[in-house]
Amino acid sequence: MLDHLIRRATVVDGTGGPSYTADVGIRDGRIALIGRSRVHAGRIGERARTEEDASGLVLAPGFVDPHTHYDAQLFWDPCATPSLGHGVTTVVGGNCGFTLAPLDPARPADADYTRRMMSKVEGMSLAALEEGAPWNWSTFGEYLAALDGRIAVNAGFMVGHCALRRHVMGPDAVGGRPDAGQLTAMTGLLRDAMDAGAWGLSTTQSTTHSDGDGEPVASRHALPDELLALARAVGAHEGTQLEAIVTGCLDRFSDAEIDLLTELTAAAGRPLNWNVLTIDAAVPDRVPRQLSASARARAAGGRIVALTMPILTPMNMSLGTFCALNLIPGWGEVLALPVPRRVAELRRAPVRAEMLRRARSEEAGVFRRLSDFGRYVVGDTYARENEGLTGRVVEDIAAERGLDPFACLVEICAADELRTVLWPMPTDDDAASWELRRDTWEHEDVLLGGSDAGAHLDRMCGAPYTTRFLGDCLRGRKLVPLETAVRMLTDDPARLFGLRDRGRIAEGAHADLVLFDPTRIDAGPASLVHDLPGGGPRLDSRAVGVVSVRVNGVETVRHDVTTGALPGRVLRSGRDTETVGTGG
């Protein structure tokens, strides 16, 4: 007997092939049968404990998000919201060089350092980190065991270079270089983590990544010989990967960065992915430059894969709390001042002029897109003077007040003691940029993803990219057919990571499934909720048109309401992933 039978669904199976109508039966967490045409006519009638009529609905494999930071959130939110509601059944964590394990039990202060680092570099609530996770592990295997059997999604994790360095070198991990013994210990620790199920190594060399003390994070102090030793260790384990971030990921790689990334993937003999490829027709040389790294890697026997988002993810800004504005060259010093002094400095015309000059200079890179302050929309306000401004565009308010846009924005924020929420309007929402995106998605070394879900919680909400993209493909720009869109969200990332029996609807595959209404599938607007441990805020977005989500055959979501079931698995390298070479 089947556990569940989905009848008359329009199956989009993840391969990119044409959709078809079929009955899909589930037993013991896997797809037991697919009944279509006359081939399985005798099996369509097999009885099931439960069944549903899916006429007019699309059944797709569960979506795979290749770049998340759910490492901590899964402890207080096993459903990885909002991702699960948007059909994501497998998440990849431990990215950008940052993980919560391993921790040295002889140095309890390391856990506090890690929490403060994650709060600063990934925008996680410090109170949530302190109150919402048990912090009762030492080894990476113990961290995975703390999640096993307690999650609603499937989750795999890279091991972060920063944690490896801190474990072996202690406080010297920031600023220091490992001696021969320490490097041996670090590679041994990485091997132990992969033996326990880590998917490989993640690392960062990006100048945007600083710890809770404002210092460059530990992995930024690593020289190439250290990185290459770790990469070779990754290559000795089955089903592993590399993930790396360098400063050039934000705009354009330097030659030295391309050389380093190429050497890493070639040394490991494993794919290396990076986040995130920004596509903008106004900067036509960026995509060719970034993808030249992939060409060079293939010539050297490696593979470099760029992650890119298929939607424009809105990000809110503030002059009061840490956000992307702090990363503009020359802005961090001003925005780090105590609020009264910060307001005074921002009100000085020479200071604003210099900040604008730096924001619009070549050195600002991708952050130049944030420098058109007239095109900011005012969000939440607090002062009486700002009543009625929410939802208005700054350039319109500036024209009424006879001010330049940046000066006007500063005055609005100053009245709110810098608590004002600001939403920059996208600069790359033009037809040419979308056409460039469609062309870029066809590249063999470009993969959809990069949501950062679980990080920057009160600033951005990238998790709904799956449903928003599908809605756009069905009823919006229609850049790619539905079958292609589903493949890009399912089988493509599953194949990159070597996921065993996931990413496709096929007999014998794990029953990770999304059932949705193609006439409605979409994502609702992001809204601020205060549901983190300690009452902290995060942006949330509800799915539209998602009827059901199943993980390993068990329903976890029904009409955007979680069922409370926890059928997710911690996916371990080698057991749940197979080795993917660099020629794929």
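We use all heavy atoms of the structure for the numbers below, so side chains are in, but hydrogens, waters and symmetry mates are not.
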His4/Arg27 under side chain to side chain contact (heavy atoms under 4.5 Å, CB included): CA gap, chis, key distance, verdict: CA-CA 7 Å; His4 186 69; Arg27 182 189 298 114; over 6 Å; no
Trace of the side-chain hydrogen bond (donor to acceptor under 3.5 Å, both in side chains) decision for Thr204 with Ser206: CA-CA 6 Å; Thr204 178; Ser206 176; 4.8 Å; no
Between Val283 and Arg252, is the side chain to side chain contact (heavy atoms under 4.5 Å, CB included) condition met? List the steps. CA-CA 10 Å; Val283 191; Arg252 299 172 183 84; 2.9 Å; yes
Which is it for Arg289 and Asp285 under the salt bridge (charged side-chain N to carboxylate O under 4.0 Å, His left out) test, yes or no, and what are the steps along the way? CA-CA 6 Å; Arg289 174 61 179 177; Asp285 64 323; over 6 Å; no
Going through the distances and angles, do Trp199 and Phe497 end up as a ring pair (Phe, Tyr, Trp, His ring centres under 6.0 Å)? CA-CA 9 Å; Trp199 284 20; Phe497 291 107; 5.5 Å; yes
Could you go step by step and tell me if Arg502 and Asn552 meet the side chain to side chain contact (heavy atoms under 4.5 Å, CB included) rule? CA-CA 10 Å; Arg502 299 188 194 273; Asn552 298 310; 3.0 Å; yes
Please lay out, stage by stage, how Thr427 and Arg369 fare under the test side-chain hydrogen bond (donor to acceptor under 3.5 Å, both in side chains). CA-CA 7 Å; Thr427 60; Arg369 61 200 285 136; 4.6 Å; no
Under the side chain to side chain contact (heavy atoms under 4.5 Å, CB included) criterion, do Met117 and Ser210 qualify, and how do the steps go? CA-CA 7 Å; Met117 178 185 70; Ser210 300; over 6 Å; no
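Of the listed residues (Val88, Asp512, Val92, Val64), just one forms a side-chain contact (heavy atoms from CB on, under 4.5 Å) with Asn154, and that residue is Asp512. Exactly one residue among Val514, Val549, Thr466 makes a side-chain contact (heavy atoms from CB on, under 4.5 Å) with His86. That residue is Thr466. Applying the side-chain contact (heavy atoms from CB on, under 4.5 Å) test between Leu84 and each of Ile151, Val91, Val557 identifies Val557 as the sole match. Checking Asp445, Thr262, Thr265 one by one against Arg303, the side-chain hydrogen bond (donor to acceptor under 3.5 Å, both in side chains) holds for a single residue, Asp445.
Classification of Arg569 and Asp576 as a salt-bridged pair fails, no side-chain N sitting under 4.0 Å from a carboxylate O. Salt bridge status for Asp501 with Arg30: present, with a side-chain N to carboxylate O gap under 4.0 Å. Electrostatic pairing of Glu238 and Arg575 does not count as a salt bridge here, judged by no charged N lying under 4.0 Å from a carboxylate O. Note on Asp211 versus Arg220: no salt bridge recorded, every NZ/NE/NH1/NH2 to OD/OE distance being 4.0 Å or above. Ion pairing of Arg177 with Glu226 is absent here, as no side-chain N (NZ or NE/NH1/NH2) approaches a carboxylate O to less than 4.0 Å.
Note: Trp137 and Tyr143 have perpendicular aromatic rings, judged against thresholds of 30 and 60 degrees for the angle between ring planes.
Side-chain atoms of Leu499 and Thr90, non-hydrogen and from C-beta on, do get closer than 4.5 Å to each other. Contact of the Leu447 side chain with the Met488 side chain is not registered, since no non-hydrogen atoms from C-beta on lie closer than 4.5 Å. Tyr465 places a side-chain heavy atom less than 4.5 Å from the side chain of Leu489. Residues Ser294 and Val305 have side chains not in contact (no heavy-atom distance under 4.5 Å, counting atoms from C-beta outward). The closest side-chain heavy-atom distance from Thr187 to Arg232 is not below 4.5 Å. Within the 4.5 Å cutoff, side-chain heavy atoms of Arg468 are placed close to those of Asp522. With contacts defined as side-chain heavy-atom distances shorter than 4.5 Å, the pair Gln73/Leu457 qualifies.
Seen from the ring of Trp434, Arg437 counts as a face-on cation partner, given the 6.0 Å and 45° thresholds.
The ring pair (Phe, Tyr, Trp, His ring centres under 6.0 Å) check on His209 picks up Phe98, with sequence neighbours excluded.
Looking at Asp430, its side chain does come within 3.5 Å of a backbone N or O of Ser433 through a donor-acceptor pair.
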